[in-house]
Number of protein chains: 2
Amino acid sequence: MAGSTATGKTRTLGGAGEDKAGTICRAIRRAIVERALRPGDRLPEDALGERFGVSRTIARHALGQLGSEGLVDLRRNRIAVVATPSMEEARDTFDIRIELERLVVKALAGRLEPDQIAQLRAHVEAEQAARGGSEATSIRLATEFHVLLAEMTGKSILTRYVNEVSYRCGLMLSAFSRPHSSECAVSEHSEIIDALIAGDSENAMRLMSTHLEDVAERALLVAPEARSRDLMDILAPYAEEAAGSPARPRRTKR
Amino acid sequence: MAGSTATGKTRTLGGAGEDKAGTICRAIRRAIVERALRPGDRLPEDALGERFGVSRTIARHALGQLGSEGLVDLRRNRIAVVATPSMEEARDTFDIRIELERLVVKALAGRLEPDQIAQLRAHVEAEQAARGGSEATSIRLATEFHVLLAEMTGKSILTRYVNEVSYRCGLMLSAFSRPHSSECAVSEHSEIIDALIAGDSENAMRLMSTHLEDVAERALLVAPEARSRDLMDILAPYAEEAAGSPARPRRTKR
DNA sequence: GGCATCATGATTGCATGCACTATTGGTCAT
DNA sequence: ATGACCAATAGTGCATGCAATCATGATGCC
């Protein structure tokens, strides 16, 4: 399906004995936060396998992983699809994220090494530079800022969870937020770094809370029209005028 | 290796189109909290598959899942083993767990339905009844109490995470806590229920925090002799007296 | 024309087979 | 006796094949 010659297999994942399933996971996660993949998009095992140059077994393994992270919905005998979170799930996920990231800044306040500070500054700079560019890059960088912070704690479990909820929140944004509504958070990132350097853990935690609450609010409260991507709700307004129009909507994506 | 005839396959998982990998996961999780499986125990794919009556593929899938939950260590080309958490990981996991379960009681305070209350009371009663019985049952019931609470919030993501950290904490207890050191928490469970019924969310959160902190403290601070299960540290005291004794320690479990 | 029924293709569920890697016990030289 | 080297074995990594299940378009009936 994807452009690959019959002779030369699509050696996208070729490499050495790396983690092939993990590579697929990373790619899909990234595609989701960048909104290249949107909720409901189908992820057939063999298409994935072919695209990444591996067999269905590996693609399946990757999908299982993503399913356990809540990024894809996995139902028996059904094609895997990018998860379509509900409004309640979105709210809950942000609540959890806030508490987790409060732990992050609490652990980090006053303990940042100079090279870490430089790395964070550079990241924020990259975020600022990307403001004019594609929205996908902005969102990805914003997500990666939080992941970067978590990694700096050195706490592997906390890092893993922050990773998960961050990507999940990216999915939420994709599901609910209107285009161009999740920008302008770059300065808040800077403020958090400042508070961390100052060692003011209380302030850093407060800043992180409000920052995430802002993101959630912008994403979740804005755009009541698009609150739900449930098919029935989406089509409700159209159903009103569908009396005389023979336009037959196609359900599948491609 | 496990006793199964060559002719009659071990139809432990026979059933209909259920979730075979999930069944294996549940079994192993439970075995871990009940300390039937201890950190470092080996989990070979084919042994698992044979035991549960499925192929390696499924066993492998289950192991991948457990690996992503942090219950087993998965290294390339190596036999999967029950994870051996470090002291720091244990502390971090408890920190995360406290915040998550605070969210649980916050969501539940004053919102428990009568049947839910009855269910909780019954569970605590079962815990009390199990105090004389096997330690494994006590630990499992204690863990399940927290999981039950989380499920009652109706928040699927929160439930999933509480599930994960609870089982992980069970593993931590298995790794660090001495036998019979994690009992006597039943009354604290009752107090939490009371606070939830009273609708005093602040008090409930405080009780939950201290309850979990107690558990962590009992598990992590007690028994400095067994703080680390690293092979070198474990053998350190023995190395002193190993001068004249020909006792050759076997490294592998079975 | 609208609706239920069925057949075909698409897709997953799972087991098995082969290749490769790590481990383990033995062997040989020192 | 001790240490390094090597062969046999156990175990994983991965692809492929077959059966089962679901989705979708075609057909026939009303």
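Numbered from 1 within each chain, the chains take letters A, B, ... in sequence-line order. All values below were derived from every heavy atom in this structure, side-chain atoms included, with hydrogens, water molecules and symmetry-related copies excluded.
Rounded to an integer number of Å, the gap from CD of Glu45(B) to C1' of dC14(C) is 15 Å. We find that CZ of Arg75(A) is positioned 22 Å from P of dA20(D), with the value rounded to whole Å. Look at CZ on Arg56(B): it is 13 Å from P on dA15(D), rounded to the nearest Å. In this entry the distance linking CZ of Phe52(B) with P of dA15(C) reads 14 Å, nearest Å. In this entry the distance linking CD of Glu50(A) with C1' of dA15(D) reads 14 Å, nearest Å. Rounded to whole angstrom, the span from the CG atom of Leu43(B) across to the C1' atom of dA10(D) amounts to 16 Å. Rounded to whole Å, atom P of dC14(C) lies 12 Å from atom CG of Leu74(A).
Note on ring orientation: taking the six-membered ring where Trp is involved, the planes of His123(A) and Phe145(A) are tilted (angle from 30° to 60°).
The backbone N or O of Val33(B) lies less than 3.5 Å from no partner atom in the side chain of Arg140(B), so there is not a single donor-acceptor pair. A donor-acceptor pair under 3.5 Å is formed between the side chain of Thr159(B) and the backbone N or O of Lys155(B). Under a 3.5 Å cut-off, the side chain of Arg160(B) and the backbone N or O of Ser68(A) do form a donor-acceptor pair.
Residue Ile79(B) has its side chain nearest to dT12(D) when only dG17(D), dT12(D), dA15(C) are considered. Comparing dT24(D), dA15(D), dC18(C) by their nearest atom to the side chain of Arg42(A) picks out dT24(D). Side-chain proximity of Asn77(A) to the nucleotides dA15(D), dT21(D), dG11(D) is greatest for dT21(D). Considering only side-chain atoms of Lys20(B), the nucleotide from dC14(D), dT12(C), dC14(C) that sits closest is dC14(C).
Between Arg76(B) and dC14(D) there is a side-chain N or O to OP1 or OP2 distance below 4.0 Å. For the pair Arg78(B) and dT23(C), the criterion of a side-chain N or O lying under 4.0 Å from OP1 or OP2 is met. In this model, the phosphate group of dG13(D) is approached by a side-chain N or O of Arg60(B) to a distance below 4.0 Å at OP1 or OP2.
Nearest-nucleotide mapping onto DNA chain C: of Asp46(A) and Thr57(A), the residue sitting toward the 5' end is Asp46(A).
Counting only heavy atoms from C-beta outward, the side chains of Leu171(A) and Tyr167(A) never approach each other to under 4.5 Å.
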